[in-house]
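Protein chains get the first letters and strands the later ones, always in sequence-line order, with residue 1 at the start of each.
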Amino acid sequence: MEYGQTALPSHTGSVGQEIYALASEIFPLCRSITGQGVRDTLDILACYIPLERRSVRTDERLFDWTVPKEWVIRDAFIKDEAGRRIVDFHACNLHVVSYSTPVHRRMPLEELRRHIHTLPDQPHLIPYRTSYYAESWGFCMAHEQLEALSPGIYEVRIDSELKDGRLDYGELVVPGTSGREFLLSAHVCHPSLANDNCSGLALLAILARQLRGMDTRYTYRFIFAPGTIGALAWLAQNEQRLHLIDMGLVISCVGDAGGPTYKRSRRGNTFIDRAVEHVLKHCGRKAEIRDFSPYGYDERQYCSPGFNLPVGLFQHSPFGEFPEYHTSADNLDFIAPEHLERAYRTLAEVIRVAEGNWTPLNLSPKGEPQLGRRGLYGSTGGDKAAADGAMAMLWVLNLADGTHTLLDIAERAGLPFARIAEAAGRLKEKGLLAEAAPPTSSSWQEAI
Amino acid sequence: MEYGQTALPSHTGSVGQEIYALASEIFPLCRSITGQGVRDTLDILACYIPLERRSVRTDERLFDWTVPKEWVIRDAFIKDEAGRRIVDFHACNLHVVSYSTPVHRRMPLEELRRHIHTLPDQPHLIPYRTSYYAESWGFCMAHEQLEALSPGIYEVRIDSELKDGRLDYGELVVPGTSGREFLLSAHVCHPSLANDNCSGLALLAILARQLRGMDTRYTYRFIFAPGTIGALAWLAQNEQRLHLIDMGLVISCVGDAGGPTYKRSRRGNTFIDRAVEHVLKHCGRKAEIRDFSPYGYDERQYCSPGFNLPVGLFQHSPFGEFPEYHTSADNLDFIAPEHLERAYRTLAEVIRVAEGNWTPLNLSPKGEPQLGRRGLYGSTGGDKAAADGAMAMLWVLNLADGTHTLLDIAERAGLPFARIAEAAGRLKEKGLLAEAAPPTSSSWQEAI
Amino acid sequence: MEYGQTALPSHTGSVGQEIYALASEIFPLCRSITGQGVRDTLDILACYIPLERRSVRTDERLFDWTVPKEWVIRDAFIKDEAGRRIVDFHACNLHVVSYSTPVHRRMPLEELRRHIHTLPDQPHLIPYRTSYYAESWGFCMAHEQLEALSPGIYEVRIDSELKDGRLDYGELVVPGTSGREFLLSAHVCHPSLANDNCSGLALLAILARQLRGMDTRYTYRFIFAPGTIGALAWLAQNEQRLHLIDMGLVISCVGDAGGPTYKRSRRGNTFIDRAVEHVLKHCGRKAEIRDFSPYGYDERQYCSPGFNLPVGLFQHSPFGEFPEYHTSADNLDFIAPEHLERAYRTLAEVIRVAEGNWTPLNLSPKGEPQLGRRGLYGSTGGDKAAADGAMAMLWVLNLADGTHTLLDIAERAGLPFARIAEAAGRLKEKGLLAEAAPPTSSSWQEAI
């Protein structure tokens, strides 16, 4: 409950710059679902927060899946007959299909074309493609470049390796007083794509650093893991503690100018769904709220029927629906400090709702208590405008029957949670409210 | 059930004139939450109905409140240097802030201004202001008049008194056969404001007089009490009988040309809410239905969480949203007999629904009964228009399974209650329907 | 479950022609609620399907009704003074009011007019009128013809008879494996009206013939009965087996170019309601879904409160709302093979949903199972379009927690049932799904 008074809400601009700087730092690395790029990224995040490294070994069984071999990528290029690198992994790591097997051959253009991915509708952009679980190799390039290639023999080289190794991910736990958990998860497997998901990784790292300095009710558990297989690794290693999770969010694509967009958890009306929707309703922009669907990021795993965790997805522009998505245009120019800061503030407000929610009980429930003699109400009557300031208090008092949390009241009043919480605080201070038995985890999660 | 055949619905125009005449009679009095103006108003109402006077003494405790001293106001004025009354309580009782403490001083304009309330956006109108629970004094005047005042010394006098006395209110009970109650409440504390609330007081008095001549199922309890503190007085004196109240309405601002507007009870879907919404849906004007909010008239007290009575608010234009509200423009020109009559008819129709609702049981539930041989159905088939006349009967028969009241059926059929009730009456007469056990109070109140 | 692979969906155009041909064959007959026209119609239908004849005798009691005398109609005409048949039953059987008592008289025009029904707003059309339960006689004719009649003496003859006899209807049962029933009902009492209801009779006969060649889970019970009294006869004779009916549809007006229109059962959200609404949502036309109302065809009887069967009404244009309704313009030009075929395909799809619905259980519910290694998922990642093909599978897996049927999943996914069922079939084949205990009848019916 100290949360409201601590540093989180006091940022004034620099936090967006910090997140952007961190996103820029990790942007160049060639991440995939395994390998050195992931480890290098976790190393950078560990400069900001005391990240714990976890790993699972190649061939380890994770539910229905098996950990794939570790991918090593050293170089990849296509050279023309003059020996010029016309496609160069070191210039842009999107050029090589992630998890490409090694190849070093000369081949005619027509054969090479079968291994090349382009975007005919966005001819100047390089797409992002992967082939994690089916061994093959390939290159990605701008369609206009492909079209301009002359027939002839090309030298193709991917200096890669698939070897027994491990899958890495990072975890950080910021303990709270209640033992109940708030999960925050971002995927660490995409190479040089700024919005998807350098933005999410950087935002969560900065948010985690900030939360470490605070007294919180919830325990905040941050997961930085490769998509799908990394989330499954964490789930497999933590299955016995999943019952502690009261809510969670997957974070991705939070650096662009669009959105915000929230995709509900599979259950659809858990506390996190209501809290995010409430915050977005009052965020000053037109937010889009979507029902759960089983395609997306790691909410797919968290919300699979065997776990069914109350985890939603927070984004700015929704993945797959902005033209830069999974292309070389998702670069550092596509994200901006102001948008990262906006996402940060949204998450901070969601956390404020989670931390600051309680169930008030009106100790003077018969009629309205006389606010005036407590200095809570203007002394001149008749002027309706004067009542506006008291509306949050009137709502709290009217609904403080022990069955409504502050979030319930804020929703029904159509007022921001912060105003309702502030009013409840004043009323409690004046002895007009008590705190009803705090809601249990399950009642929160099921509450409508 | 006799109700439908009695005088209430047979009025043809004069009732609006009657209500207007009574509103005009009480308009000039200077009401406040206590004092002679309230008593004089109750005296006039008592010429129409055998009103019972109730009172509580100064300093009596009413839940969280204490009855304030009684306010006596004899005169109030501002005189200019020439000794002319430029503001005169006897010209308009809105000029003095209600509950002003006595004052008699000379003061320069700049000091006087601090005690003057105006409406800069409506410069020709005098506002209505009160200061019940904080001792102070003040005047209200037109902004343009204030602006025109010359600097100089003004004589200010408020010949008032705050003394131990009592708070008065009026009550009338029109007994019905069932012992269950319908509460109708209007506030009696506003001075010369015609819509707010001479209209409500007069309408309820005329309605009460009318109901006294009828056989009703419900007991109708009319409360004419000062806002907030008067309602609390009644609640405190009747706490043990509140369980008898099946429904109620607060009535205010029913003389203007706008609306109708209905604000739901806190519970939101009780019988009164459904009955009023049903009547307004078929009233021929676009009605506005609003959810409960904790600001307004005495529904605030009736719907406080410790009572949570099924009481809504019926108005024409909603308070605070018409420009004449709480100004000298809320005068007898602002209300009209035709609008008062419209409000009266709406309430009469709501009462008809309450009185005429019952739960039919189809005694021939397998297939449709043969209406034709009972003279209830046109004998020529094939013409769809012919069926329209039978729709109300078909709806009643189809839903008369013992779980639907006539109001349920009217809502589902989209037909006015009166047509459904008439059809049910004919079917019962023909032996096709029986009356299922009448709904208990609680089932009514919880019904959806 | 074999259903999906059988002949029903494989039709390619000829079925519409077949239905139209049958409708044309029965169109000329003069049907009424009893009599030779009904028997002749059933004879023709019996050439297509092994129809069983049922009957009830005149004066037999059917719930609140009594079977009327049988109507015999041999001839009817109006002759002018020159002896010309200006109105001739043999030219158009709509000319005589159905159930007209015999008459043979000469009368002046002014007297005759009282027995003549016309449509002043559609002056060139002959209306359809009946007088089943009140003995009288009458003629129907074009208004413009009536207007052109010269004053004078007319010879009026209706060679009819009302005699003790019987009421006939037809029934066909196509047995399924489960013992649970799907009722399909069409009225056989209208004379030469093509859409209302030669279209429905012909469609159900062809559908029944088709279903007889298939293995089905449901038993399909087809009723071809006179309106109201025929449905009541069937209900009276089958009251002890009504509990077997899981769903049903009344079929009428399915040959015109409009609609489709679905009127929900009285319960409103039973399986048949959801199945039809789902199919119509994906039918490629704008469908209209209406709540139950107690006026219409025999769903009035099936949905009377004493039976309350889950039976809806399927039509193209809704009865009573197209100008040709109950007039001589509802002829064979008003219906067309393509529209009959469209209705047939809609019903076939509804049957597919009923037959193909089951409750899947995800056998790998923790995280998504790895579809890729089973060949169920494209091996190249990053391209969102590639995921579209997998959406149906992802939805099935995500919701296959034993509480969702395939229809539930299709509704939530917003995908056609066929795609969901196909995906579930593939997943089951791969061992990823089992079939949860099949839903019982009652759980289906109550499911939301």
Side-chain angles (χ1 to χ4, degrees), chain A residues 32-33 61-66 68 94 97-99 117 119 121 127-136 138 140 189-191 193 196 227-229 231-236 239 242 266 268 291-296 298-308 318-321 325-327, chain C residues 359-406 408-415 419-420 423-424 427-428 430-436 448:
Chain A
S32 181
I33 56 172
R61 184 89 186 175
L62 300 173
F63 308 115
D64 190 60
W65 299 64
T66 305
L94 299 180
V97 169
S98 195
Y99 258 70
H117 302 265
L119 297 168
D121 293 339
Y128 161 58
R129 292 291 179 269
T130 69
S131 185
Y132 300 139
Y133 300 101
E135 298 204 351
S136 70
C140 298
C189 53
H190 284 34
L193 296 168
D196 178 16
T228 306
I229 192 74
L232 291 171
W234 181 82
L235 284 162
E239 204 174 342
L242 298 181
R266 179 180 185 268
D291 277 329
F292 180 78
S293 85
Y295 188 70
D298 285 331
E299 71 279 5
R300 291 163 73 165
Q301 310 310 322
Y302 299 129
C303 295
S304 59
F307 300 125
N308 200 19
F319 75 88
E321 300 177 26
Y325 175 74
H326 278 192
T327 74
Chain C
T359 303
L361 193 64
N362 183 339
L363 298 175
S364 185
K366 295 181 178 178
E368 284 174 22
Q370 194 179 2
L371 299 178
R373 68 174 157 90
R374 294 173 176 93
L376 298 173
Y377 209 86
S379 60
T380 301
D383 182 3
K384 181 161 180 293
D388 285 354
M391 281 310 289
M393 278 186 290
L394 294 177
W395 273 113
V396 171
L397 287 167
N398 190 269
L399 295 177
D401 56 11
T403 73
H404 299 91
T405 67
L406 296 188
D408 294 330
I409 297 172
E411 286 177 344
R412 180 141 173 203
L415 295 174
R419 272 190 67 191
I420 292 293
L427 292 166
K428 193 177 173 198
K430 297 288 185 178
L432 284 168
L433 291 182
E435 186 160 3
I448 294 191

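Residue A:E135 qualifies as open at atom CD: its count of foreign heavy atoms under 6.0 Å is 12 or below.
When every heavy atom of C:G367 is checked against every heavy atom of A:L232, the shortest pair comes out as CA-CD2, 3.6 Å. Across every non-hydrogen atom of A:F307 and C:K366, the tightest pair is CZ-CB, 3.4 Å. Minimum interatomic distance between C:N398 and A:S304 (heavy atoms only, all atoms of both residues): ND2-CA, 4.0 Å. Taking each heavy atom of A:R266 and C:D401 in turn, the nearest pair found is NH2-OD2, 2.9 Å. Residues A:P305 and C:L397 share a closest heavy-atom pair of CG-O, 3.4 Å.
Put simply, CD on C:E368 and CH2 on A:W65 are 6.5 Å apart, with the number rounded to the nearest 0.5 Å.
A 4.5 Å side-chain heavy-atom check between A:S293 and C:W395 finds at least one atom pair inside the cut-off.
Using a 4.5 Å cut-off between heavy atoms, A:H117 touches chain C through its side chain atoms alone. Residue contact with chain C, scored on non-hydrogen atoms closer than 4.5 Å, involves the backbone and the side chain of A:F292 alike.
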_Does C:Q370 form a side chain to side chain contact (heavy atoms under 4.5 Å, CB included) with A:I229? I'd like the steps, not just the answer._
CA-CA 10 Å; C:Q370 194 179 2; A:I229 192 74; over 6 Å; no
*Under the side chain to side chain contact (heavy atoms under 4.5 Å, CB included) rule, what do C:R373 and A:T66 come out as? Steps first, then yes or no, please.*
CA-CA 10 Å; C:R373 68 174 157 90; A:T66 305; 5.6 Å; no
